[in-house]
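These notes concern the structure reproduced below.
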Amino acid sequence: MWPDKETSEKEKADISELFTYLMRSIERCQSELLETMEQKQKAAKKQAKALIKELEQEITELKRRDTELEQLSHTEDHLHLLQIYPSLIRPPATSSSTEISINDTQMSVETLRKTLTQLQETLDEKLSKTVLKRIQKHAVDVTLDPDTAYPNLILSDDGKQVTSEDIQHKLPNNPKRFDYCPCVLAKQGFSSDRFYFEVQVKGMTEWDLGVVRESINRKGTITAIPEAGYWIVVLRKGDQYMAGESSPVSLRVKPQVVGVFVDYEEGLVSFYDVESKSHMYSFTGQSFTEKIFPFFSPCKNEKGKNASPLIISHVKNNE
């Protein structure tokens with residue numbers, strides 16, 4: 001499906017805006033770097049001039065003493081010589097700045113490295129915002145499927161919220177339902193194109209979010225890794241955010257709302273911190289051959305410690 005002319009022009013404008021920002025950022029960083037280097041060079045020259053002046057004064061003083069010693073070497077007044085000898089052999093006061101370092105190469109490299117690091121962080125943030133703005137256009141309406149929900153989960157009437165309770169409810173144990181882990185799927189499955197949804201996780205101490213393939217095992221213990229058909233990120237113990245790889249990957253994020261984006265044909269599943277508009281993690285190079293369903297787990301209630309709901313949010317219009 002080819003994009004319409006309006007969409008294509010909007011994408012071109014977004015790319016043009018990003019590159020304009022990039023060029024201006026580079027020019028600004030170049031100007032700031034050159035100004036910093038010039039200031040440091042001026043400071044070093046000023047320090048060097050002051051040191052040279054002090055050294056010249058010390059040389060003058062040493063020459064004066066040398067002359068006095070030469071004159072005294074011919075005196076026959078030995079008593080006078082003994083009286084002034086201590087002052088003559090005492091070294092003159094010397095500058096504490098006996099060494100000055102002017103290493104322009106090291107200074108330039110370190111300053112440049114710091115500047116480029118800051119520039120990269122700024123551009124990563126700008127790029128993430130641009131990418132998120134574009135993928136939010138692929139938002140879909142997602143509702144929870146009560147036929148898949150573990151018996152201790154409570155779903156809201158509109159199918160947009162799920163909460164975990166410590167008490168299990170009696171529900172039919174159909175093949176679609178999770179019977180051991182507190183999980184629930186969306187009613188909607190996708191087998192092509194791209195789709196995106198957002199989930200509020202505020203106030204929770206543990207949760208799992210992502211997508212799964214339709215044929216996952218829903219009975220007994222779950223191994224939530226890509227090889228088993230799970231592409232998820234999780235929160236554990238209130239502050240441990242991880243991507244569900246075979247060897248879990250720690251994430252340096254603290255999202256209040258998580259965005260989940262899937263490009264079916266590209267085999268891509270990406271997660272975003274919606275409020276900061278920053279990228280959290282991506283599963284890449286995956287192979288999807290069946291329907292993919294949004295996946296939610298509010299985990300255990302823990303006697304009220306993890307009682308807040310997972311909430312499927314309305315994606316704001318970013319036009």
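A salt bridge does not link Lys187 to Asp141: none of the charged side-chain nitrogens sits closer than 4.0 Å to a carboxylate oxygen.
Placement of Val140 and Ile312 within a single hydrophobic cluster is found when ILVMFWY residues are connected by side-chain heavy-atom separations under 4.5 Å, directly or transitively. At a threshold of 4.5 Å between side-chain heavy atoms, the hydrophobic network of Ile, Leu, Val, Met, Phe, Trp and Tyr places Phe190 and Val212 in one connected group. With hydrophobic clusters built from ILVMFWY side chains whose heavy atoms lie under 4.5 angstrom apart, Val234 shares a cluster with Tyr230. Cluster annotation: Trp207 is connected to Val211 through the hydrophobic network of ILVMFWY side chains, with a link wherever side-chain heavy atoms come within less than 4.5 Å. Clustering ILVMFWY residues whenever any of their side-chain heavy atoms sit less than 4.5 angstrom apart, transitively, puts Trp231 in the very cluster that holds Met242.
Using a distance-only test at 3.5 Å, with no hydrogens or angles considered, a donor-acceptor pair links the side chain of Gln286 to the main chain of Thr284. Between the Lys160 side chain and the Val142 main chain, a donor and an acceptor come within less than 3.5 Å of each other. Using modelled atom types, one side-chain atom of Arg177 and one backbone atom of Pro172 make a donor-acceptor pair closer than 3.5 Å. Listed for the Asp179 side chain is a donor-acceptor partner under 3.5 Å among the backbone atoms of Gly220. The backbone N or O of Ser164 lies less than 3.5 Å from no partner atom in the side chain of Asn152, so there is not a single donor-acceptor pair. In this structure, the side chain of Asn306 engages the main chain of Thr205 through a donor-acceptor pair within 3.5 Å.
Annotation for Asp208 and Cys299: closest pair OD1-SG, 3.7 Å, computed over non-hydrogen atoms. Heavy-atom minimum distance, Arg218 versus Pro175: CD-O, 4.1 Å. The two residues Leu185 and Phe178 make their nearest non-hydrogen contact at CG-CE1, 3.9 Å. The heavy-atom pair separating Pro309 from Thr163 by the smallest distance is CB-OG1, 3.4 Å. Across all non-hydrogen atoms, the minimal contact from Ser270 to Leu268 is OG-CD1, 3.4 Å. Contact detail for Leu171 and Ala149: the closest heavy-atom pair is CD1-O, 4.4 Å.
In this structure Tyr264 satisfies the ring pair (Phe, Tyr, Trp, His ring centres under 6.0 Å) test together with Phe288, sequence neighbours excluded. In terms of the ring pair (Phe, Tyr, Trp, His ring centres under 6.0 Å) criterion, Tyr241 has no residue partners (sequence neighbours excluded).
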| task | Step by step, work out the side chain to side chain donor-acceptor pair (under 3.5 Å) result for Glu265 and Ser192. | result | CA-CA 7 Å; Glu265 278 71 25; Ser192 63; 5.0 Å; no
| said: Set out, in order, the CA-CA distance, both residues' side-chain angles and the distance that settles salt bridge (Lys or Arg N to Asp or Glu O under 4.0 Å) for Arg252 and Asp273, then state yes or no. | reply: CA-CA 11 Å; Arg252 298 178 62 182; Asp273 180 340; over 6 Å; no
Identify every side-chain donor-acceptor pair in residues 193-204 under 3.5 Å, counting partners at least two apart or on other chains, and give the distances.
unit_1: Arg194; atom_1: NE; unit_2: Asp263; atom_2: OD2; d: 3.0
unit_1: Tyr196; atom_1: OH; unit_2: Glu198; atom_2: OE2; d: 2.5
unit_1: Glu198; atom_1: OE2; unit_2: Gln136; atom_2: NE2; d: 2.9

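Note that CZ of Phe295 and CD1 of Ile216 are 6.5 Å apart. Values are rounded to the nearest 0.5 Å. Taking OG of Ser276 as the reference point, atom NZ of Lys254 lies at 12.5 Å (rounded to 0.5 Å).
Val249 has its side chain within reach of Tyr281: a pair of non-hydrogen atoms, C-beta onward, lies under 4.5 Å apart. Put simply, the side chain of Leu153 reaches to within 4.5 Å of the side chain of Pro298, judged on heavy atoms. Contact check for Arg213 versus Phe293: no side-chain heavy atoms found under the 4.5 Å cut-off. The closest side-chain heavy-atom distance from Ser282 to Phe271 is not below 4.5 Å. Residues Thr223 and Thr221 are not in side-chain contact: their nearest non-hydrogen atoms beyond the backbone lie 4.5 Å or more apart. Contact check for Glu227 versus Ser246: side-chain heavy atoms found under the 4.5 Å cut-off. Contact of the Tyr150 side chain with the Cys183 side chain is not registered, since no non-hydrogen atoms from C-beta on lie closer than 4.5 Å. Using a 4.5 Å heavy-atom cutoff, the side chains of Tyr272 and Val257 are not in contact.
If you check the side chains of Asn173 and Lys219, you find a donor sitting under 3.5 Å from an acceptor. Side-chain atoms of Glu290 and Ser191 include no donor-acceptor pair closer than 3.5 Å. Checking Thr143 against Gln188 by side-chain atom types alone, a donor-acceptor pair falls below 3.5 Å. For the residue pair Thr148/Asp145, the side-chain donor-acceptor check at 3.5 Å is not satisfied.
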